[in-house]
Amino acid sequence: MSDRKGLMDDLTGLAGGAMSLVSGIRDEVESLVKSRIEDTLRRLDLARRDELDAVRELAANARIGQEDAETRLAVLESRLAALESRLGDGDANVRGS
């Protein structure tokens, strides 16, 4: 019976060691795969998510600025047209006299 208990202890220890070995191998493989993927992505010169988000934010802010500038330009063009119209009427009055 004690031989059997010793054998079970040995098998349990062996199984525990095998599980540790498998876990270590898994961690090593994950690390290797992650490293290879990062190298591949770096060679492809792809943008990272945070970089892409920053560029999107810059583009959105630029678009808002452009829309504001277009609105201000339209207002200024309208005011210029009104001034030109008044000056044109004034010239007609001056010429008619």
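What you see is a predicted model; the values in this text were computed from it and never measured.
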Show your reasoning for whether salt bridge (Lys or Arg N to Asp or Glu O under 4.0 Å) applies to Asp68 and Arg72. CA-CA 6 Å; Asp68 289 345; Arg72 290 184 8 230; over 6 Å; no

Give a yes or no on whether Glu30 atom CD has more than 12 heavy-atom contacts from other residues, nucleotides or ligands under 6.0 Å away. yes

Rounded distance (nearest 0.5 Å) linking atom CZ of Arg56 with atom CZ of Arg49: 5.5 Å

Using a 4.5 Å side-chain heavy-atom cut-off and chaining through intermediate ILVMFWY residues, the residues clustered with Leu58 come out as none

Test question: given the 4.5 Å side-chain rule for I, L, V, M, F, W and Y, name all other residues clustered with Leu41, or answer none. Leu21, Ile25, Val29, Val33, Ile37, Leu44, Leu46

Do side-chain atoms of Ser85 reach the backbone of Ala81 as a donor and acceptor pair under 3.5 angstrom? no

Quick one: do Asp39 and Arg36 make a salt bridge, cutoff under 4.0 Å? no

Is there a donor-acceptor pair under 3.5 Å between the side chain of Ser23 and the backbone N or O of Met19? no

Whether over 12 other heavy atoms sit under 6.0 Å from Glu28 CD: no

